[in-house]
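Read the structure below first, then the notes.
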Amino acid sequence: SQTSTAGNDRGEHGGPFDVIVIGAGVTGLYALYRLRELGLSVQSFESGSGVGSTWYWNRYPGCRFDSESYTYGYSFSEELLQEWDWKEYYSGQPKNERYLNYVADKFDLRKHIQLNSHVNSIVFDEEDGLWQVNLQDGLQARGQFLITAVGSLSAYYVPDFEGLDRFQGDWCHTGRWPAEGMDLAGKRVGVIGTGATGIQLITEIAKEVGHLTVFQRTANYAAPLRNGLIDPETQRQIKANYPDIFKRCDETAGSFIHKFDPRSALEVTPEERLEQYERLWAEPGFAKWLSNFYDVMIPGEANEDYAEFVRNKIRERVKDPVVAEKLVPKDHMFGSKRIPCESGYYEVFNQDNVLLVDVREAPIECITPKGVQTTDAEYELDVLIFATGYDAVTGPLNRIEIRGEGGETLKDKFANGPRTLMGISSAGFPNLFTINAASVGNFVRACEPLVDWVSEAICYVRDNGYTRIAVTREAEDGWTQHVSEAGAKILRTQANSWFVGANIPGKARVLLTSPDTAPVMRAKRAEVAAKGYEGFLLQ
Ligand code: N01
């Protein structure tokens, strides 16, 4: 086998690298930048043929941010902030992909990235303390530290429906939308899945398809995005206020820019409550609930009151009351699943050429050569689109064979849910930072401090004459128990969704992210570092 040298900054000498980063998406790109700034040799392997990961693969129509664009860019470079114009409040995939390419070029990151490089396995060599990365094409590389910047939502999931291989039409998953597009104009198109992706996609393609069949298992609480163009004066203000914008994000639970009203929905009069609900409903994006009474996002009476408000908003928009009731969620709390934002989704179901099929009532039995067979009927289709989500957080790790000390695989270790300290690292896997498992809320705001923390930890190890850093079993047990106990109380564990692995048959039902807020997580990490990496063994 050969040692991979392509594109790295060590030319013909090849590795070992100080740090290997898997992935060149939002997190991977920043990791390359930060680690190189610290004087470390770095190499990234990226399976796509371009940078951007989420924003490279998700080319489906309608794909866009639903957090404000200017809160979703990097903060590390003032020059970048001033140069880059977000044109829309909620920027679309093509522009977002361009942004990440711009970053890769501006900071000269491409020379550290090998594209079209799918990582099959990574194996810890206990003798020399290096991680060996084995690529699908047979090439190998070695590195002292390894960062999995593989994303939380990148292992796309297609349900194992019998007969899909016999389907005579075209099909794809939204997370692998072909770069050349799908020919949908005038066709009979079916979409399975009505999460944040399905809702964006359905709204957009309903404008061009001949007939659309939407297979819905769970109705969602979707809320109007209210996107718009950023005018030049607002653009100027945004650029002048970035430090304040990022400070405001940093102060909130999920690093979104919206701050809760500290009042309870239950302590004001019903009139005041409704006035606030309505006023915020008219605002763009997540403000509707994240600027609302704090307890609309906590399980309980206020949450149910707000859920009913949203249900009525849905009912108002759908003409056929039977269809409307199918679109109204009644089986889970508001915010217990990720709340999608939409731009005309509910009106799609007022179109004559759109059919809503409730597959909880009549489940999908199989895919036939002609379409989808439920227990009720066969729906004939030319194109079938799976907006069926992701094997989240642990999925992208499990799809790589990761072998640590004693040959143990991370997949086996995580069989009953992830076991880590703060999502960052797992005992028995020294010098491996599973950074994709540690994000909370706004991914871009979350990734910068995480990458900074990991980079500083790496420097600490080297500057203090150590070669290895590994989480202790005790620290890991403590964190895993904390996730289970604190997680039980929060909204995100109350429904069956990717947050808890419940969307993947057979996956353990465990909160996959931290139960703590972003500020608490940053404080906890800072404390660990301040105490000389408490909970880690340094050798
Ligand atoms: O995936 P999902 P997604 N038969 O898992 C259905 C982010 N995101 O790609 O709810 C029938 O939410 C499933 O039904 P149910 C965001 O964090 C961000 O939409 O499990 N249906 C559900 O309706 C989001 O949370 C943006 O009953 C099946 C759908 O498929 C995350 O990505 C935009 C099925 C999957 O929904 C994932 O969203 C888009 C089956 N066997 C996404 N299996 C932004 O705006 C699954 N489903 C930035």
Side-chain angles (χ1 to χ4, degrees), residues 26 53-55 57-69 71-72 88-93 96 151-162 164 173-177 190-204 213-223 225 227 254 256 284-286 327 329 331-332 335-343 345 356-367 372 374-375 384-393 395 439-444 446 492 495-507 512-513:
V26 170
S53 196
T54 288
W55 301 105
W57 293 111
N58 281 274
R59 297 171 184 280
Y60 63 85
C63 180
R64 63 175 62 253
F65 293 155
D66 55 11
S67 310
E68 295 69 17
S69 309
T71 71
Y72 231 68
E88 293 176 281
Y89 281 94
Y90 303 95
S91 177
Q93 178 274 332
N96 307 344
S152 304
L153 295 157
S154 56
Y156 67 98
Y157 164 67
V158 177
D160 189 15
F161 290 124
E162 196 259 313
L164 181 57
H173 186 280
T174 49
R176 283 296 178 280
W177 197 265
V191 178
I192 303 180
T194 53
T197 301
I199 284 175
Q200 287 184 331
L201 170 91
I202 288 162
T203 310
E204 211 48 41
T213 310
V214 175
F215 298 92
Q216 171 191 276
R217 189 166 64 183
T218 308
N220 253 312
Y221 298 92
L225 179 63
N227 191 18
F256 300 109
F286 297 168
L327 288 165
D331 61 354
H332 63 280
S336 59
K337 283 172 172 262
R338 209 289 203 158
I339 305 152
C341 287
E342 50 80 34
S343 308
Y345 176 65
L356 179 67
V357 176
D358 183 339
V359 296
R360 199 175 294 284
E361 241 170 55
I364 297 173
E365 278 188 328
C366 64
I367 310 295
V372 171
T374 70
T375 51
L384 178 57
I385 301 168
F386 290 89
T388 39
Y390 295 87
D391 183 353
V393 184
S439 271
V440 182
N442 177 328
F443 281 104
V444 189
R492 266 177 290 147
N496 290 327
S497 76
W498 68 261
F499 291 146
V500 292
N503 61 326
I504 303 297
K507 190 168 176 174
L512 293 167
T513 56

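Atoms within a ligand are numbered from 1 in the order they appear, just like the ligands themselves. The model shown is predicted, which means the values in this text are computed figures rather than measured ones.
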Are any of the N/O atoms on [X], whether in the backbone or the side chain, positioned under 3.5 angstrom from an N/O atom of ligand 1?
X	result
Asn496	no
Trp55	no
Thr194	yes
Tyr157	no

Kindly identify the option in [options] whose heavy atom sits closest to [atom].
atom	options	answer
atom 20 (O) of ligand 1	Arg217, Gln216, His332, Arg338	Arg217
atom 41 (N) of ligand 1	Gly285, Pro363, Pro159, Ser497	Pro159
atom 35 (C) of ligand 1	Cys341, Ala387, Ala219, Gly193	Ala387

| Are any non-hydrogen side-chain atoms of Asp331 and Thr218 less than 4.5 angstrom apart? |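 Side chain of Asp331 against side chain of Thr218, heavy atoms only: contact under 4.5 Å found.
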| query | Does some side-chain heavy atom of Thr213 sit less than 4.5 Å from a side-chain heavy atom of Val191? | reply |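 Answer no - side chains too far apart.
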| task | Give a yes/no on ligand 1: does Tyr60 have at least one heavy atom closer than 4.0 angstrom to it? | result | yes
| said: Just to check, does Phe161 reach to within less than 4.0 Å of ligand 1 when the distance is taken from its heavy atoms? | reply: yes
| query | What part of Phe215 sits under 4.0 Å from ligand 1 if we count only heavy atoms: the side chain, the backbone, both or neither? | reply |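 Under 4.0 Å from ligand 1, Phe215 contributes no heavy atoms.
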| field | Within reach of ligand 1, part of Leu153 (heavy-atom separation under 4.0 Å) | value |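 The answer is the side chain of Leu153.
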| task | Number the atoms of ligand 1 from 1 as they appear, then name those within less than 4.0 Å of a heavy atom of Thr218, with their elements. | result |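 Near Thr218, meaning under 4.0 Å from one of its heavy atoms, ligand 1 has 10 (O), 15 (P), 27 (O).
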| said: Pairing donors with acceptors under 3.5 angstrom, does anything connect the side chains of Glu88 and Asn227? | reply: yes
| Top protein contact for atom 9 (O) of ligand 1, by heavy-atom distance | Thr197 OG1, 2.6 Å
